[in-house]
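Scroll down for the structure; my scribbles are underneath it.
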Amino acid sequence: MSTSFLTEKQVAISAVRRACLLTSSVFNKLVKNETLTKEDKSPVTVGDYAAQAVVNIILKRAFPDDPIVGEEDADDLKKDPALTKRVVELANEALQADLGLGEMAEWGIGPGPEKSAEELLGAIDQGNHVGGPLGRMWTLDPIDGTKGFLRGGQYAVCLALIIDGHVELGVIGCPNLPYDPSDPEGPRGCIFVAVRGQGAQQMTLSGANPAPVTIPEIAPGALNFLESVEAAHSDHSFNNRVSTSLNISRAPTRMDSQAKYCCLARGDGGVYLRMPTKAGYKEKIWDHASGNVLVEEAGGIVTDSRGLALNFGLGKTLGDNYGVIAARSDVHKKVLEAVQQARAAEEEEIAKAKA
Ligand SMILES: Nc1ncnc2c1ncn2[C@@H]1O[C@H](COP(=O)(O)OS(=O)(=O)O)[C@@H](OP(=O)(O)O)[C@H]1O
Ligand SMILES: [Mg+2]
Ligand SMILES: [Mg+2]
Ligand SMILES: [Mg+2]
């Protein structure tokens with residue numbers, strides 16, 4: 001196995017790019033009955049299923065022995081023949097699209113025979129690995145920020161390679177993110193790529209113009225928080241308390257998905273802070289793995305609210321990690337201190353209210 005991960009990187013970019021083309025084309029045609037509600041009440045669309053099928057087909061062809069920890073499974077989809085038919089059409093269209101930059105026909109992509117429903121449903125279910133501390137595995141979020149996707153906002157296709165519990169490679173495709181943050185109305189669509197020890201890059205959705213990204217020094221007055229749109233996913237009032245204590249006057253940027261990590265990596269924002277809103281919720285590895293290596297390779301630090309590294313070797317979740325803080329190292333130190341003070345103050349208030 002090459003430690004430069006050159007093939008892994010090219011295959012992962014190709015898989016994410018094809019999934020992004022699929023999701024952006026499906027958005028305009030999505031109809032209401034093409035979305036299901038999962039057991040945890042969260043939405044899943046034909047886009048999520050078809051994107052997971054496409055990425056898994058490509059990964060399994062290139063790396064047949066690598067397990068995949070994917071967000072979705074095909075159980076509910078199999079009960080719905082109309083939705084299955086749609087997923088099969090979308091996935092085949094994405095797999096059969098002409099070869100683009102750096103792609104090779106031997107990866108099983110480009111014009112060729114159609115995959116059957118059985119093959120594609122099977123591919124979705126190949127994302128059933130449970131994770132763990134040892135060996136190589138991929139983790140996939142076919143659409144991160146499905147709610148953002150449905151409202152036409154930010155979402156991301158996120159794929160990462162984890163080896164022995166450490167994220168070595170991350171690719172994030174953001175079809176709706178402006179390529180140039182200084183031109184928010186300009187062309188949209190970017191792919192972010194990071195390989196451990198090799199830096200981070202941004203390129204267009206077609207893989208053109210790769211350019212390094214690093215978190216620049218941001219003057220304290222220009223810092224702002226990057227946080228979830230959904231109040232149920234991260235504690236907005238806690239973020240407000242922390243930003244006030246840091247004298248941050250700029251309003252937070254609310255954005256769905258790991259696009260937040262991408263913005264941080266290219267200096268568009270300054271602080272990623274995500275604190276749980278309810279006891280017991282454990283963050284999923286596919287919601288953070290790609291962003292973790294991207295931010296670290298762009299010169300940032302990522303920890304939980306206690307200053308501990310995120311642990312990607314515990315299974316499908318980050319286990320006992322509590323909250324996530326990501327920022328350039330100088331900013332991270334200040335935010336971590338402020339978060340710990342804010343938590344202590346909150347606990348004191350709760351104790352007083354109980355007394
Ligand atoms: N209660 C709770 N707390 C924390 N996180 C949760 C919670 N419920 C869901 N999720 C996960 O949040 C993922 C969406 O990412 P974001 O929170 O960054 O975007 S959003 O603004 O909230 O949409 C979302 O990812 P997707 O399901 O891929 O969209 C979920 O995995
Ligand atoms: Mg989901
Ligand atoms: Mg997600
Ligand atoms: Mg998802």
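Start at 1 with the first residue, then count along the sequence. Note that ligands are numbered from 1 as they come in the structure, with each ligand's atoms numbered from 1 the same way.
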- Query: Is there a donor in the side chain of Q126 and an acceptor in the side chain of N56, or the other way round, less than 3.5 Å apart?
  - Reply: no
- the Mg ion (ligand 3) contact by E71, N, O or S atom under 2.8 Å: no
- Is it true that E168 and R136 make a salt bridge, defined as a side-chain N closer than 4.0 Å to a carboxylate O? no
- Item | For the Mg ion (ligand 3): the N/O/S atom of D287 at shortest distance | OD1
- Do Y261 and Y179 share a hydrophobic cluster (ILVMFWY, side-chain heavy atoms under 4.5 Å, transitive)? no
- Item | Side chain E283, main chain G323, donor-acceptor under 3.5 Å | no
- Task: Using only N, O or S atoms, tell me which atom of D144 is closest to the Mg ion (ligand 3).
- Result: OD1
- Message: Strictly under 2.8 Å, is the Mg ion (ligand 4) approached by any N, O or S atom of D48?
- Response: no
- Task: Name whichever N, O or S atom of D141 ends up nearest to the Mg ion (ligand 4).
- Result: OD1
- Message: Under 2.8 Å from the Mg ion (ligand 4), can any N, O or S atom of G145 be found?
- Response: no
- Task: Could you go through the side-chain contact (heavy atoms from CB on, under 4.5 Å) check for K29 and E34 one step at a time?
- Result: CA-CA 10 Å; K29 303 177 225 151; E34 288 183 343; 5.9 Å; no
